[in-house]
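The next block holds one structure in the form of structure tokens; read it before the comments.
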Amino acid sequence: VKHSAWYRSTSNNFVSTSSGYEDLHLKEGADAINVGASLSGTFTDDIDGETRSGTWDMGADEYFPATPFEYRRPLTFEYDNRGASCGTSFTLSNYPVLVSLSNKTYLKTVENGGHVYSPAGYDIIFRLSGSKDQLPHEIEKYDGETGTLVAWVQIPSLFTGNADTKIYMYYGNSDITTKTEDPAGVWNETDNGYQRVFHLNGNANDSTGTYDGNVLGATSTADGKFGGAYSFDGNDWIDANFAPTYGNFTIEAWFYRNNSGSLPQYAVGSKYGDSLAAIYQGGTYFTWEVYDSGGSGDDALLSGTYHSAWH
């Protein structure tokens, strides 16, 4: 009885027993380590979802001998707050979701009173509930002084059964000193058809890992909708480095227009031989235009008075 898991309080045996942040791995120094019953057989549903075979100790199996993540927090994506265009019965597969957290003390680096060791946020990862496998993620922005994080996480199945989806963010591991990100795993053609993804954080690097874009005169700024952005003065643009196509595709971007002038201005696009495909603003609208030697066609993406706001 003296060495059982309930000889001391649960908070002295388990990593975390706080409501919503439970982690029932045995913590260092717990009484139950190496004194559990000796079991034999094959187990496929232990706390980490691992398969165990042979003879093993129940207490020791759930103890991390190496430095684990010291903290975790649940992140819930609520079905009732889905976009109106999503309908009422659906499941999104391999879907990249945005995790945007600002001014969180717990996300500051240890030097700034928080719990993250890496100044680049390397010791921040994401997992499904009840899983030890890391979800692919990309950190677009991390500020350890203010506790700000902008990250994209690919979730295998979002809103399954029209229900909320919960994942966990793990952080605080002094052993991690290199990148844990997998941008190409978040944005890839096989899972979700992405051809190019540009976050524009000081460059036009492509997160799919396919082809980086070329910045032609535009000025980098930190004042983007999420993370960084580029400013265009009428003669600048970004070559997205893809062949214009007339097939079906989707293009998505955030724009902020700081004046109501009418001069047409290209922003992001690609020139391929005699063909051009680009987003540009002219008058009171944004347009997607495809042009080649045989003519051109365009579709208004946004029209009306929209300057001095993000769209």
Side-chain angles (χ1 to χ4, degrees), residues 20-21 45 48-49 69 72-102 104 107 121 124-142 148-171 179-201 205-211 224-229 240 242 245 247-255 268 279 286 288 299 301-302 310-311:
Y21 308 100
D45 57 352
D48 290 319
F69 287 91
R72 74 169 186 172
R73 285 179 177 264
L75 303 174
T76 301
F77 300 91
E78 298 177 338
Y79 172 78
D80 289 340
N81 288 328
R82 68 196 182 282
S85 62
C86 292
T88 57
S89 181
F90 67 97
T91 297
L92 298 172
S93 300
N94 301 315
Y95 193 78
V97 299
L98 173 66
V99 175
S100 182
L101 301 167
S102 300
K104 303 297 183 182
L107 280 178
I124 300 173
I125 69 167
F126 302 86
R127 292 172 176 163
L128 291 175
S129 178
S131 173
K132 66 180 181 62
D133 296 326
Q134 180 179 332
L135 295 172
H137 79 278
E138 179 184 21
I139 293 180
E140 184 175 347
K141 177 181 180 180
Y142 173 68
T148 297
L149 174 70
V150 177
W152 297 90
V153 184
Q154 191 194 87
I155 297 181
S157 183
L158 184 66
F159 300 140
T160 301
N162 297 344
D164 296 346
T165 299
K166 179 186 289 187
I167 65 174
Y168 282 88
M169 178 177 67
Y170 288 75
Y171 55 99
K179 286 185 177 182
T180 54
E181 299 175 77
D182 180 16
V186 179
W187 317 96
N188 66 80
E189 185 175 1
T190 301
D191 285 344
N192 40 42
Y194 286 95
Q195 299 289 317
R196 304 284 192 279
V197 176
F198 304 108
H199 297 303
L200 306 183
N201 287 314
N205 292 346
D206 174 22
S207 290
T208 71
T210 308
Y211 294 104
K225 176 67 174 178
F226 303 105
F242 68 93
T245 176
N248 294 326
F249 62 91
T250 299
I251 185 168
E252 181 179 345
W254 284 99
F255 287 94
V268 179
I279 295 177
F286 277 118
W288 169 258
D299 292 292
L301 302 176
L302 182 69
W310 282 102
H311 297 278

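Side-chain contact check for Leu98 versus Trp152: some heavy-atom pair is nearer than 4.5 Å. Side-chain contact between Leu149 and Ile139 is present, with heavy atoms from C-beta onward closer than 4.5 Å. Proximity of Ile124 to Met169: side-chain heavy atoms (C-beta onward) are separated by under 4.5 Å at one or more points. Contact annotation: the side chain of Gln154 never approaches that of His137 to less than 4.5 Å [non-hydrogen atoms, C-beta and beyond]. Within the 4.5 Å cutoff, the side chain of Asn205 has no heavy atoms near those of the Phe198 side chain. With a 4.5 Å cut-off on side-chain heavy atoms, Tyr171 and Arg73 count as touching. Counting heavy atoms from C-beta on, the side chains of Thr210 and Arg196 come closer than 4.5 Å. With a 4.5 Å cut-off on side-chain heavy atoms, Val99 and Phe77 count as touching.
One N or O on the side chain of Asn201 and one on the backbone of Glu140 form a donor-acceptor pair closer than 3.5 Å. Without hydrogens or angle criteria, Tyr142 side chain to Leu107 main chain gives a donor-acceptor distance under 3.5 Å. Proximity of a side-chain donor or acceptor of Ser100 to a complementary backbone N or O of Val150 within less than 3.5 Å is not detected.
Shown here for Ala229 and Gly224, the closest heavy-atom pair between the two residues is CB-CA, 3.6 Å. Gly185 and Asn188 make their closest contact through O-ND2, 3.1 Å (heavy atoms, listed as atom of the first residue, atom of the second, distance). Heavy-atom minimum distance, Asp80 versus Asp164: N-OD1, 4.4 Å. When all heavy atoms are compared, the tightest approach of Arg127 to Asp133 is CG-O, 3.3 Å. Leu135 approaches Pro156 most closely through the heavy-atom pair CD2-CD, 3.7 Å.
Once rounded to the nearest 0.5 Å, the distance linking CG of Leu158 with OG of Ser93 reads 9.5 Å. Within the model, atoms OG1 of Thr165 and CG of Leu128 stand 9.0 Å from one another, a figure rounded to the nearest 0.5 Å. Here the CD-OG1 distance, from Glu138 to Thr180, works out to 12.0 Å after rounding to the nearest 0.5 Å.
Summarising the local packing, OH of Tyr95 is surrounded by 12 or fewer heavy atoms from other residues, nucleotides or ligands at distances under 6.0 Å. Within a 6.0 Å sphere centred on OH of Tyr211, heavy atoms belonging to other residues, nucleotides or ligands number 12 at most.
Using bins of under 30°, 30° to 60° and over 60° for the plane-to-plane angle, the ring pair Trp187/Tyr194 lands in the perpendicular bin.
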